[in-house]
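Note sheet for the following structure.
By convention here, the first residue in the shown sequence is residue 1.
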Amino acid sequence: MERKHMSAFSLYQALQPQLPPPVKKANLQVEVKKKSKTKSSKIIPSKAQLRAERRKRKRKLLKSVQKTEDPIVTADVNKAETCVNGESLDAVLVELGSISNSRERATQMFQWLIHPVPAAHFFRETWEKKPIYVQRRNPDYYKGLFSTAEFDRILREENVQFGVNLDVTSYTNGKRETHNPPGRALPFTVWDFYESGCSLRLLNPQAFSHTVWNVLSVLQEQFGSMAGANVYLTPPGTQGFAPHYDDIEAFVVQLEGKKHWRVYSPRSENEVLPVLSSPNFDQSDIGKPILDVVLEAGDLLYFPRGFIHQGKCLPDAHSLHITISSFQKNSWGDLMQKVVTAALEIAMEEDVEFRRGLPLDYLTYMGVQNSDKEDPRRVKFLSQMEKLMKKLPNYAPVDAAVDQKAKDFLHDCLPPVLTPDEFATSVQGASVRWVNGRVKGTAAHITTQTLIRLLRAGCARLCSDGDAVHLYYTIDNSRVYHKEEPKSWEVQAEHTDAVEFLIHSYPSFVTVGSLPCDSAQDKVSYKICAKISSNTCKDGKKSSVL
């Protein structure tokens, strides 16, 4: 009897265990959270006044995030461009490569991304506040960034793993599912899933696409935070994901086809600029959309973290888009988590008030179970707590905490894609080679007149851990997130001024002789020169560090 062919999608469904649906715990967690807030021990006039004040703040905050006046921007293709121009993204990148200042390069790249919206206006009026839709009527605007042909090449030539690099998803009848088999995502299996109506999400396209890597490595300096990306390929008439919100600022760049997008305001004050992404929502949970648009190739959609969104393909076209994201865990609260923890350690070490013991009987009148009691001991206890908290800023090592955030950022960063000038003046473009049985070009001819600078403004950071000073850098990072350990080397105390001078001098080249070292020998033999290219420009004097 002839065996009937079973598709990868059908085989996956047949192999799934018949398990009962999971118990929903979200409501229980919310109730517990609310109870703990209601019972919190704060110095407040009354619970009724607190609730009224919270309702007032909630209405004000929700009103502010729901202000979506003119959320649609239509680009005038005949209008003079205020950003970098080019027939293709490749041309744009070439033109950007001629800009020597990486900060300016990042600004221009971002302006190209959101054109015609001025960047200053965007960060003042839109960033973290409301969604915006840029309609260009130019399907080639983002051409060259990524394509289905590139997707297919990656599947054929690269080691793409299900669940690591690629997710297969579906959303039908209000149910979101992931269909990842184990192992490598081979083209036959992946395209069979697609033909069966599943969406494909490439999780880290920058690891496989040189162009995506280049764009993100430039943009990360604009945000001062990691710039990541996912690519989504969706079949006609399907939807791959349930309504949800994310913990990142999202720029949806439509590359091919079209997709119907609906965006909804945060449902409550607690969901404005959330710390974590949401679970999947039912349609009945999210109300009416504040933005209902169809993205076509060349269009852009931005929405802040906390705004619920869902996208569905129209019946007559597939959709390919890339979501560029940033600002995950980059809030004041994230910084203060580091500051407060360190401040407490310092305060306990230096101030005896923080080391005095708690009252012997404090458990009898403090805590949730005692929060409704009228007890003068509670007032005294809370007063002491408030007194200590007011003293805490005196011990807050804010700069050190910022350096901790900076170290995390540099570890998150993609390595830079070097421009031709950066390559020529760095160790990457060194002239060392094998000629006639001998190695030539190994000597780095560095003198006090050699001109040096950092490769990029954001490629290195001087940080102290209290015992030693290290220079952290990104040039040797991996294109795969955190595949490598953080890269740094220790800087001797007598050389920290020279490193600071070099960092603050960017984008200008400075002579080795101008480094604030004790002697000329230190200037030339200083350890940082080990990272300077042995290759020089035509004038024989310029080199780039790191």
Side-chain angles (χ1 to χ4, degrees), residues 81-86 89 91-115 117-124 126-128 206 211-229 249 251 302 324-328 330 335 399 402-403 405-426 428 451-463 471-477 487 499-510 528 531-532 542-546:
E81 301 269 346
T82 58
C83 59
V84 175
N85 287 296
L89 178 57
V92 171
L93 292 172
V94 168
E95 190 168 345
L96 286 174
S98 66
I99 299 174
S100 63
N101 188 333
S102 64
R103 293 191 186 98
E104 183 181 346
R105 198 181 307 152
T107 299
Q108 292 276 31
M109 174 64 80
F110 182 74
Q111 184 60 80
W112 170 81
L113 179 70
I114 65 168
H115 178 79
V117 182
H121 180 273
F122 174 84
F123 284 113
R124 184 177 64 251
T126 306
W127 176 254
E128 291 190 325
Q206 62 272 19
T211 302
V212 175
W213 167 29
N214 197 351
V215 170
L216 296 182
S217 71
V218 173
L219 284 176
Q220 65 193 8
E221 204 162 303
Q222 169 72 15
F223 296 119
S225 178
M226 183 188 77
E249 302 299 299
F251 298 84
Y302 160 80
I324 296 174
S325 62
S326 191
F327 247 57
Q328 186 179 52
N330 207 42
L335 174 60
D399 284 324
V402 169
D403 282 344
K405 287 287 292 178
K407 286 164 57 177
D408 293 342
F409 169 47
L410 264 65
H411 189 201
D412 293 342
C413 277
L414 287 165
V417 178
L418 302 185
T419 67
D421 284 344
E422 290 171 340
F423 182 85
T425 58
S426 74
Q428 305 295 329
L451 293 169
I452 61 173
R453 74 166 190 175
L454 294 181
L455 274 174
R456 299 277 172 93
C459 75
R461 177 88 182 195
L462 198 63
C463 299
L471 187 69
Y472 289 82
Y473 57 94
T474 66
I475 191 70
D476 292 331
N477 282 4
K487 304 297 182 182
V499 178
E500 286 185 4
F501 176 76
L502 193 59
I503 291 173
H504 295 153
S505 296
Y506 186 87
S508 300
F509 280 89
V510 296
I528 203 169
K531 289 287 183 178
I532 297 177
K542 286 187 177 179
S543 290
S544 295
V545 179
L546 291 175

Closest contact, heavy atoms only, [X] versus [Y]:
X: Y473; Y: D476; result: CE1-OD2, 3.4 Å
X: R456; Y: S102; result: CD-CB, 3.3 Å
X: E422; Y: V417; result: OE1-O, 4.0 Å
X: F327; Y: E249; result: CB-CG, 3.9 Å
X: L410; Y: C459; result: CD2-O, 4.3 Å
X: S217; Y: L414; result: N-CD1, 4.1 Å

L93 and T211, any side-chain heavy atoms less than 4.5 Å apart: yes
Got a second to check how far [X]'s [atom1] is from [Y]'s [atom2], nearest 0.5 Å?
X: M226; Y: S326; atom1: CE; atom2: OG; answer: 7.5 Å
X: L418; Y: S426; atom1: CG; atom2: OG; answer: 5.0 Å
X: S100; Y: F509; atom1: OG; atom2: CZ; answer: 8.0 Å
X: Q108; Y: E104; atom1: CD; atom2: CD; answer: 6.0 Å
X: T419; Y: R105; atom1: OG1; atom2: CZ; answer: 5.0 Å
X: K487; Y: T474; atom1: NZ; atom2: OG1; answer: 12.0 Å

Residue pair I452, V510: steps toward the side-chain contact (heavy atoms from CB on, under 4.5 Å) verdict: CA-CA 5 Å; I452 61 173; V510 296; 4.2 Å; yes
side-chain contact (heavy atoms from CB on, under 4.5 Å) assessment of L471 paired with I503: CA-CA 11 Å; L471 187 69; I503 291 173; 4.2 Å; yes
Between the main-chain N or O of [Y] and the side-chain N or O of [X], is there a donor-acceptor pair closer than 3.5 Å?
X: Q111; Y: A119; answer: yes
X: R453; Y: P507; answer: yes
X: Q206; Y: N214; answer: no

Results of salt bridge (Lys or Arg N to Asp or Glu O under 4.0 Å) for D403 - residues two or more places apart only: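 Salt bridge (Lys or Arg N to Asp or Glu O under 4.0 Å) check on D403 returns R461.
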Ring geometry between F251 and F110 (parallel below 30°, tilted from 30 to 60°, perpendicular above 60°): perpendicular
Set of residues satisfying side-chain hydrogen bond (donor to acceptor under 3.5 Å, both in side chains) with respect to K405, sequence neighbours excluded: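 Testing K405 for side-chain hydrogen bond (donor to acceptor under 3.5 Å, both in side chains), a comparison that skips the adjacent residues, returns none.
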Neighbour count above 12 (heavy atom, 6.0 Å) for D399 CG: no
Evaluation steps, side-chain contact (heavy atoms from CB on, under 4.5 Å), between L89 and W112: CA-CA 10 Å; L89 178 57; W112 170 81; 3.5 Å; yes
CA sep, side-chain torsions, deciding dist, call: Y506, R103, side-chain contact (heavy atoms from CB on, under 4.5 Å): CA-CA 10 Å; Y506 186 87; R103 293 191 186 98; 3.8 Å; yes
Selection residues 218-228 - residue pairs positive for salt bridge (charged side-chain N to carboxylate O under 4.0 Å, His left out), sequence neighbours left out: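 Listed by first then second residue: nothing to list.
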